[in-house]
2 protein chains.
Amino acid sequence: MTHENTDYSEVLRKHGYRVTIPRMIVLDAVCAHKGHATIGDVQGIVHDMDPTIDRSTIYRALDVLVEVGLVVESDLGHTGKVYSIAGEANHHHLVCIQCGKVLSISADMVATLKQRIRETYDFELQADHLTLNGLCAECQEKKATT
Amino acid sequence: MTHENTDYSEVLRKHGYRVTIPRMIVLDAVCAHKGHATIGDVQGIVHDMDPTIDRSTIYRALDVLVEVGLVVESDLGHTGKVYSIAGEANHHHLVCIQCGKVLSISADMVATLKQRIRETYDFELQADHLTLNGLCAECQEKKATT
DNA sequence: CTTTGTGCAAACACTTTGCAAGTCC
DNA sequence: GGACTTGCAAAGTGTTTGCACAAAG
């Protein structure tokens, strides 16, 4: 569930990258902020752990972590890019285009759609962190009242 | 098909906005660039029509047009925000997270999912311009070969 | 004639880059 | 020791804002 057991050092080395403290901290930060961490979130957490780590380093570390596959980058639209530990439970997101609220839905909800799209278009929907936009219950009401 | 027949002047006025040349041109630009226009696209087209129109004006005009509902703003992730004329045919998008390619799929493809999500979560998926991320055929191969 | 919209320029937030010093292997 | 990384500071990007002038109703 955490990344403690995964040999992330190994993964980095395998890709020719070095294992450094800033990278560990950035990885920890993404892990700590369970769920989706915006760049802002990550920067905040990293800053708490070690204020000397530079913003640019965080950007570069995230790039590396995404490239080696330890971290997944998704785009929830409203919020900008978000980062999460790879290999977490499969789940998708309903993002309200009005208020930005995020709901999680189980992967099997979209399983049939996924298969139909694969068959018809030879297009493989994202396994985890698929994002679906729309209106949440409250914002539907707000819109109706207007 | 174009916005010629719609009384867009009326729509603007109804919302308390004035009908101005820059706004018309921005609307024309979105309309001209059939499909999804990025902000860059719009700026380019507008600049061609009238180079004196300022960037800031375009941003403001788009905001207004989206607010009154003449233009729809969606977020395809990779490309950033895109704009399209409201009321065009319903269709959704498959966006490749690798190469950014965009495929269109018909609305009824997701109809059942849409209904299930409405029933289960009281969440109304976007009627048009829903965006689904994943890997296109080519990028699946590329990834497999790697 | 009053209110709203525009162009300009400056401010802004966010991200990227170049480089010397520091760190990992 | 040599190559990769970092921090710093500076340069980009793309977007927003304040304000005097122009235009719409």
Closest-nucleotide ordering on DNA chain C, the 5'-leading residue of G16(B) and P51(B): G16(B)
Closest approach to the side chain of [X], judged atom by atom: which nucleotide of [options] is it?
X	options	value
R13(B)	dG25(D), dG7(C), dT5(D)	dG25(D)
S56(B)	dT6(C), dT17(D), dC14(C)	dT17(D)
D54(B)	dC8(C), dT15(D), dG5(C)	dC8(C)
Y17(B)	dG7(D), dG5(C), dA9(C)	dG5(C)

How close or far is atom C1' of dT15(C) from atom CG of L62(A), stated in whole angstroms? 12 Å
Length of the line joining Q43(B):CD and dT13(D):P, which is rounded to integer Å: 14 Å
Under-4.0 Å side-chain N/O to phosphate OP1/OP2 contact, [X] with [N]:
X	N	answer
T20(B)	dT6(C)	yes
T57(A)	dG7(D)	yes
R60(B)	dT15(D)	no
Y59(B)	dT15(D)	yes
R55(A)	dC14(C)	no

Donor-acceptor side-chain pairing of R13(A) and S9(A) below 3.5 angstrom: no
Classify the side-chain pair R60(A)/S56(A) by whether it contains a donor and acceptor separated by less than 3.5 Å. yes
Main-chain N/O of L135(A) paired to Q140(A) side chain as donor or acceptor, under 3.5 Å: yes
Is the backbone of T38(A) close enough, under 3.5 Å, to the side chain of D41(A) for a donor and an acceptor to pair up by distance? yes
Pair of N/O donor and acceptor under 3.5 Å linking dT3(C) base with R18(B) side chain: yes
